[in-house]
There are 2 protein chains.
Amino acid sequence: MRSPTELAQVFRDKQLKLTPQRQLLFSLLHQNQSHPTAESLYEVASKQMPGISLRTIYQTLGELAEMGELQLVDVGIGATRFDPNIADHHHFVCESCQAIHDVDILSAPKMSLQSGEGFAVNEVGVVFRGHCNQCNHKQQFKSPGSQAKNKASK
Amino acid sequence: MRSPTELAQVFRDKQLKLTPQRQLLFSLLHQNQSHPTAESLYEVASKQMPGISLRTIYQTLGELAEMGELQLVDVGIGATRFDPNIADHHHFVCESCQAIHDVDILSAPKMSLQSGEGFAVNEVGVVFRGHCNQCNHKQQFKSPGSQAKNKASK
DNA sequence: TTTCTAATTTGCAACTGATGCTAACTAGCA
DNA sequence: TGCTAGTTAGCATCAGTTGCAAATTAGAAA
Ligand SMILES: [Mn+2]
Ligand SMILES: [Mn+2]
Ligand SMILES: [Zn+2]
Ligand SMILES: [Zn+2]
């Protein structure tokens with residue numbers, strides 16, 4: 001996603017208004033690597049702007065996504081996550097704490113369909129599931145046999 | 001997922017009852033490649049057993065999933081899909097008709113995390129999005145430039 | 001067969017995440 | 001300073017799913 005300043009320009013050019021709500025969200029999303037939900041953004045936004053509506057959060061996120069400034073990430077658990085990183089990349093989801101981390105496309109081989117019945121593929125999404133560092137450390141009480149299978153190394 | 005007969009044995013062994021509802025669902029799911037939703041199973045089940053409850057469908061699907069007989073597939077659009085194919089495989093989702101097709105793991109390179117910060121990966125899911133054969137054919141009215149980018153070949 | 005009861009089904013309430021609708025509000029221009 | 005198209009916020013509503021408890025029943029025991 002572009003910087004708040006650049007987005008401001010984009011919005012002006014499209015005769016969209018630069019409301020305080022939108023500006024706040026621009027700043028909350030810029031360089032945000034946490035893959036937040038609408039709800040979690042609502043919480044932090046509410047601190048800086050009490051009374052802001054969850055409806056407006058959804059509205060603005062939807063607009064940004066439609067403009068291609070945000071990527072929607074749905075990993076099948078709970079709410080949609082919003083990702084200002086619009087570069088081609090994949091995700092690791094921690095099954096314990098639900099945290100989502102970016103997985104650089106270089107780290108995973110480029111996927112392509114070798115066979116198939118003539119599917120026209122537009123995009124490929126890879127989701128790695130497992131346990132993050134923090135959660136693995138906290139889980140030392142579990143039986144050794146129940147550890148995750150593959151440990152990725154740098 | 002195992003055959004209805006095998007499942008019957010499993011259920012008996014666990015002193016779970018072999019109700020007509022369960023037996024019907026076993027048969028509806030066996031070798032079902034359509035990745036049905038609970039709702040769609042409810043519809044076909046209702047024809048053979050009018051009055052069956054949607055709640056029971058959810059209940060039974062949940063049990064089978066917990067027993068490892070079914071795989072839950074969530075591709076981020078609408079309802080959860082249920083997959084009796086529990087072999088390791090991936091999915092192609094048609095963005096037009098929402099159909100889901102199996103993508104054999106052999107067709108796509110085995111994924112693994114090369115870098116990362118010590119994530120312990122349990123499973124990898126790959127979702128290919130695009131347009132299926134049928135939908136591509138029906139979309140000949142669209143501008144040529146808007147075609148899908150990659151056409152998979154056998 | 002009949003009886004018994006733990007397992008199951010069912011209907012309905014409730015819940016989460018998200019969107020539709022619209023009256024009230026306001027950014028930004030004239 | 002006023003105007004107005006665009007925006008916000010509140011509330012209703014929706015889809016998908018789960019919680020709950022009363023009614024039903026599979027299957028073992030008598
Ligand atoms: Mn990301
Ligand atoms: Mn499948
Ligand atoms: Zn974690
Ligand atoms: Zn299709």
Side-chain angles (χ1 to χ4, degrees), chain A residues 4-5 7-26 28 35-43 45-46 48-67 70-83 93 98 100, chain B residues 4 7-26 28 35-43 45-46 48-67 70-83 98 100:
Chain A
T5 332
L7 279 180
Q9 193 54 51
V10 173
F11 271 61
R12 265 190 297 264
D13 291 351
K14 300 193 179 187
Q15 20 231 71
L16 299 172
K17 292 179 180 175
L18 250 96
T19 65
Q21 292 89 340
R22 279 172 175 169
Q23 286 171 285
L24 172 56
L25 279 170
F26 294 171
L28 292 182
H35 303 84
T37 63
E39 203 82 34
S40 74
L41 284 165
Y42 175 55
E43 276 170 42
S46 294
Q48 291 194 229
M49 188 184 285
I52 191 174
S53 166
L54 175 59
R55 192 65 189 79
T56 300
I57 310 281
Y58 274 111
Q59 181 97 340
T60 305
L61 290 172
E63 285 161 358
L64 288 169
E66 218 168 317
M67 294 166 67
L70 276 187
Q71 206 183 325
L72 303 188
V73 179
D74 198 320
V75 292
I77 44 164
T80 300
R81 317 284 287 245
F82 295 87
D83 194 348
V93 186
Q98 264 72 50
I100 298 185
Chain B
L7 279 181
Q9 194 54 50
V10 172
F11 271 61
R12 265 190 297 265
D13 291 352
K14 301 194 180 188
Q15 18 231 71
L16 299 172
K17 293 178 178 173
L18 249 95
T19 64
Q21 291 89 340
R22 280 173 175 168
Q23 287 171 284
L24 173 55
L25 278 170
F26 294 170
L28 291 182
H35 303 84
T37 63
E39 203 81 37
S40 75
L41 284 165
Y42 176 56
E43 276 169 43
S46 295
Q48 292 194 230
M49 188 184 287
I52 191 174
S53 166
L54 174 60
R55 191 67 188 79
T56 301
I57 309 281
Y58 273 110
Q59 181 97 338
T60 304
L61 291 173
E63 286 162 358
L64 288 169
E66 219 167 318
M67 295 165 65
L70 275 187
Q71 205 183 326
L72 304 188
V73 179
D74 197 320
V75 292
I77 45 166
T80 299
R81 317 284 286 246
F82 295 87
D83 193 350
Q98 264 72 49
I100 297 184

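Quick caveat: nothing in here was measured; it's all calculated off a predicted structure. The chains referred to below are lettered A, B, ... by the order of the sequence lines, with proteins before strands, and numbering in each begins at 1.
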Quick one: which of [options] gets closest to the side chain of [X]?
{"X": "Pro20(A)", "options": "dA27(C), dT10(C), dA9(D)", "value": "dA27(C)"}
{"X": "Arg55(A)", "options": "dT19(C), dT8(C), dT9(C)", "value": "dT19(C)"}
{"X": "Lys17(B)", "options": "dA5(D), dT8(C), dC12(C)", "value": "dT8(C)"}

Measure the spacing between [atom1] of [X] and [atom2] of [Y] and express it to the nearest 0.5 Å.
{"X": "Gln21(A)", "Y": "Arg55(A)", "atom1": "CD", "atom2": "CZ", "value": "13.5 Å"}
{"X": "Leu28(A)", "Y": "Thr60(A)", "atom1": "CG", "atom2": "OG1", "value": "11.0 Å"}
{"X": "Ile77(B)", "Y": "Ile100(B)", "atom1": "CD1", "atom2": "CD1", "value": "6.0 Å"}
{"X": "Gln71(B)", "Y": "His35(B)", "atom1": "CD", "atom2": "NE2", "value": "8.0 Å"}
{"X": "Leu24(A)", "Y": "Ile57(A)", "atom1": "CG", "atom2": "CD1", "value": "7.0 Å"}

Categorize Leu54(A) for me: base, sugar-phosphate, or nothing, with a 4.0 angstrom heavy-atom threshold over every strand shown.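 No contact at all - Leu54(A) keeps every heavy atom at 4.0 Å or more from the nucleic acid.
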
Quick one: label Gly51(A) by what it contacts on the DNA or RNA (base, sugar-phosphate, nothing), any heavy atom closer than 4.0 Å. sugar-phosphate

Please check: side-chain N/O of Arg22(B) versus main-chain N/O of Lys17(B), any donor-acceptor pairing under 3.5 Å?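 Yes; at least one donor-acceptor contact below 3.5 Å.
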
With hydrogens left out and only the distance checked, is there a donor-acceptor pair under 3.5 Å joining Arg22(A)'s side chain and the base of dG6(D)?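 Donor-acceptor pair under 3.5 Å: no.
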
Polar pair under 3.5 Å, donor/acceptor by atom type, side chain Arg12(B), base dG27(D):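 Answer is no: no donor-acceptor pair is held.
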
So does Thr19(B) get a side-chain nitrogen or oxygen closer than 4.0 Å to the phosphate oxygens (OP1/OP2) of dA26(D)? no

With a 4.0 Å cutoff (strictly under), does any side-chain N or O of Tyr58(A) reach OP1 or OP2 of dA18(C)? yes

Nearest-Å distance for atom pair [atom1]/[atom2], residues [X] and [N]:
{"X": "Leu25(A)", "N": "dT7(D)", "atom1": "CG", "atom2": "P", "value": "14 Å"}
{"X": "Gln21(A)", "N": "dG10(D)", "atom1": "CD", "atom2": "C1'", "value": "14 Å"}
{"X": "Gln59(B)", "N": "dT17(D)", "atom1": "CD", "atom2": "P", "value": "15 Å"}
{"X": "Asp13(A)", "N": "dC29(C)", "atom1": "CG", "atom2": "C1'", "value": "16 Å"}
{"X": "Leu72(A)", "N": "dA18(C)", "atom1": "CG", "atom2": "C1'", "value": "12 Å"}

Which parts of residues 73-81 of chain A get close to DNA chain D, meaning a heavy atom less than 4.0 angstrom away? none

Position toward the 5' end of DNA chain D (nearest nucleotide), Leu18(B) or Ala38(B): Ala38(B)

